[in-house]
Protein chains: 2
Amino acid sequence: MDIVLLKTLLAVAETGSFSGAANSLHCVQSNVTSRIRRLEDHFGQKIFLRGKAGAKLTDFGERLHAKAEDLLQLFAAAERELLDASGAGAPLSLGSMETTAAVRLPALLKRLKGRSPASSVSLKTGPTADLLAMVRDRKIDAAFVAGPVDSTRFNAVRAFTERLVCARNPANPDNGSLLAFRTGCSYRATAQAWLKSLGRSDTEITEMGTLDGILGCVAAGLGFAVAPEEAVRGARDADQIEIAPLPEPFATVDTFLVWRIDHVPVEAHRTLIEVLEGHS
Amino acid sequence: MDIVLLKTLLAVAETGSFSGAANSLHCVQSNVTSRIRRLEDHFGQKIFLRGKAGAKLTDFGERLHAKAEDLLQLFAAAERELLDASGAGAPLSLGSMETTAAVRLPALLKRLKGRSPASSVSLKTGPTADLLAMVRDRKIDAAFVAGPVDSTRFNAVRAFTERLVCARNPANPDNGSLLAFRTGCSYRATAQAWLKSLGRSDTEITEMGTLDGILGCVAAGLGFAVAPEEAVRGARDADQIEIAPLPEPFATVDTFLVWRIDHVPVEAHRTLIEVLEGHS
DNA sequence: AAATAATATCTCTAAATTTGATATATGGAT
DNA sequence: ATCCATATATCAAATTTAGAGATATTATTT
């Protein structure tokens, strides 16, 4: 039972097909076939039912899959800890909301680099809900998300406190649609709650993928947005955007760094926590 | 981090030398060197301090060793369970006291074979203390040992009840030395306790490795032995051996099948338990 | 300084894995 | 029914990797 075989098993189960797995593993499909067959030969059992619809786990396949997930997870965790202990500095993969990444992280990561020069840090951005799912599934080590945080499942330290404002165009302050990130973004949820409190639940919503895009549209007069004050002030077209305060409780949002409760932080992660705790 | 590398690490740590590990792994020493180096390269850390005195784990090596032990153990347990679930029948490795193996196991294993034809069973013999150590260290799945059993660490089912007797030569019934297995054999301990109760603690003890040897010597008039009645009756030279009863509490000894409390029995093992429970 | 006992290095060979091309199967549309 | 699209399976060649065996190096002891 080799590790590569188990990884292949997971990839097939996840993508639902041999060719999909080959793609995600960056190898050819005949390879996936051969690895799965090696596993099947080893146990003398079919692991996948093949069909046009794709590959489906058999009962035995399910059991093997469950074990493989556990084992690979333990293996990865052990390796991470050891790499960390080896002084080489285990990589730290972070997630962050788009706005936080734009406004807060550059300075923070610079300070982190100063304190832990050896470690490499990678960053994925996305809305709070997606980030929490990634942390839950161990796809990333930790993430910056908007509070509040479910403390039964995640460890958290407060990282920043944002003041949310309404960014609008001076020309037509109350018109146009709400420009927001896709569902899952906590600022969008806050914006909708605010509009609801004003009896404006029917406001049209335009989804956009990036903060720059949203603020650019606001500057162009296409609508208004809810975003952290810092982000709006730092925008490219800040001079064409008017900032209006939001009433409480919508105005104040804490951003937390969160990670799985059973996740042992690597050195870079510990340093990050220290920096945040010393700073807040 | 490959599994073979971790196994090699354990072997070097256990034998205390690269060449010793090569020997125990049935490969050449240069192989061991290369595998350990692969590990060391991977983590950028020395794992062993090499010296004339042998190989000693570094601090980092100790951590890696601890993790490797855990991971390999989990891997092996998972594979065992899956092989068992696959219907192929996971192998069952048993241990047994020499006398039990000679007198009781043939019939028992035949019945087991009848009920679980697919599974393969292997057997190691040794004294009770060694067997318990092997079960503790997961070298074997289960063992037949003399009671009583520490039930906080082992699961146990009673397998047989032996009546211990004193086997002696009719010609010189009370002379000669006690012929016994080496230290760790529970019958030997019983024999010594009995002799002590008779005020004969000073009786000379001759160690022998096999039951046949012991009984052969008894027949030849070299001494006497304490052994299960069945074993003595079935001996090759039974007609030249006289059987004398032992007083209680020395006469009755239960033999148990024991296994680690955290060990999940495979199919052949479960069948064996059933047979023993149905029979006792 | 030689002898010894250990690990390291090197080359060759064997085995296993990956590739890429192609064959085969399966389900749906024409 | 036949063809088409999308899967997986098979096969031979190429590549990579690990193992064996011979030899070199190192460190310790005498």
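What you see is a predicted model; the values in this text were computed from it and never measured.
The CG atom of B:L25 sits 14 Å away from the C1' atom of D:dA18 (whole-angstrom rounding). What separates CZ of B:R35 from P of C:dA8 is a distance of 14 Å, to the nearest Å. Taking atom CG on B:D41 and atom P on D:dA18, their separation rounds to 12 Å, with Å as the unit. The CG-C1' distance, from B:L49 to D:dA27, rounds to 14 Å in whole Å. Taking atom NZ of residue A:K56 and atom C1' of nucleotide C:dG27, one finds them 18 Å apart after rounding to whole Å. The distance from atom CG of A:N31 to atom P of D:dT8 is 14 Å, rounded to the nearest whole Å. Atom P of nucleotide D:dA18 and atom CG of B:L39 are separated by 12 Å, given to the nearest angstrom. Computed from coordinates, the B:I36 CD1 to C:dA8 P distance equals 9 Å when rounded to whole Å.
No hydrogens or angles were tested; on distance alone, a donor-acceptor pair under 3.5 Å links the side chain of A:Q29 to the base of D:dA9.
Checking D:dA7, D:dC11, D:dG21 against every side-chain atom of A:S30, the shortest atom distance belongs to D:dC11. The nucleotide whose nearest atom lies closest to any side-chain atom of A:R38 is, among C:dT9, C:dT17, D:dA9, C:dT17. Distances were taken from every side-chain heavy atom of A:R50 (C-beta onward) to each of D:dG19, D:dT8, D:dG21; the shortest belongs to D:dT8.
Ring geometry for A:H263 against A:H269 counts as tilted: the plane angle lies between 30° and 60°, on a 0 to 90° scale.
Dashed line: the shortest gap from a side-chain N or O of B:S19 to OP1 or OP2 of C:dT7 is under 4.0 Å. Between B:T33 and C:dA8 there is a side-chain polar atom (N or O) within less than 4.0 angstrom of OP1 or OP2. Not one side-chain nitrogen or oxygen of B:R37 sits closer than 4.0 Å to the OP1 or OP2 atom of C:dT7.
When ring centroids are compared, B:F60 and B:F43 come within the 6.0 Å threshold.
Judged by distance alone, with hydrogens and angles left aside, the side-chain atoms of B:D137 form no donor-acceptor pair with the main-chain N or O of B:K139 at under 3.5 Å. A donor-acceptor pair is defined here as one N or O able to donate and one able to accept, closer than 3.5 Å; such a pair exists between the side chain of B:R260 and the backbone of B:R136. Looking at B:T8, its side chain never comes within 3.5 Å of a backbone N or O of B:R35 through a donor-acceptor pair.
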